Amino acid sequence: MKKVYVVDMLRHNTFVERNTGCAFIERKRLKIFATKKAARKWIDAHYMEFLSEDKKREEFFDTEISEEELI
């Protein structure tokens with residue numbers, strides 16, 4: 001089976017958290033890569049761009065690389 005590396009953006013949605021009273025983390029798929037090295041390189045090149053966008057909304061922001069198998 002072929003593996004791909006998926007880059008997701010994770011962030012706390014403070015609006016939902018205030019309204020529900022519990023933690024809520026959103027996951028948004030950003031990009032898919034053939035190698036983990038390429039995924040890390042892309043994150044390094046774009047991390048500050050995503051961070052500055054979310055800073056305006058006062059939400060926690062992070063990225064995650066997950067390995068998935070193609071069927």
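Any value given below was found using the heavy atoms of this structure, including those in side chains, with hydrogens, waters and symmetry copies removed. Small disclaimer: the values here were computed from a predicted structure and weren't measured.
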With Ala34, which residues qualify under side chain to side chain contact (heavy atoms under 4.5 Å, CB included), at least two apart? none
Quick one: list whatever passes side chain to side chain contact (heavy atoms under 4.5 Å, CB included) with Lys41, sequence neighbours left out. none
For Lys3, which residues count as a side-chain hydrogen bond (donor to acceptor under 3.5 Å, both in side chains) partner, sequence neighbours excluded? Glu67
Could you list the residues that satisfy side chain to side chain contact (heavy atoms under 4.5 Å, CB included) with Ile71, not counting sequence neighbours? none
Residues two or more places apart in sequence or in another chain: which of them pass side chain to side chain contact (heavy atoms under 4.5 Å, CB included) with Ile65? Tyr5, Val7, Lys36, Ala39, Arg40, Ile43
Sub-3.5 Å donor-acceptor pair from the side chain of Glu17 to the main-chain atoms of Ala23, do we have one? no
Following the transitive rule for hydrophobic clusters with a side-chain heavy-atom cut-off under 4.5 Å over Ile, Leu, Val, Met, Phe, Trp and Tyr, establish whether Met9 and Trp42 coincide in one cluster. yes
Could you pull out all residues at least two apart from Arg27 that satisfy side-chain hydrogen bond (donor to acceptor under 3.5 Å, both in side chains)? Asp8, Glu64
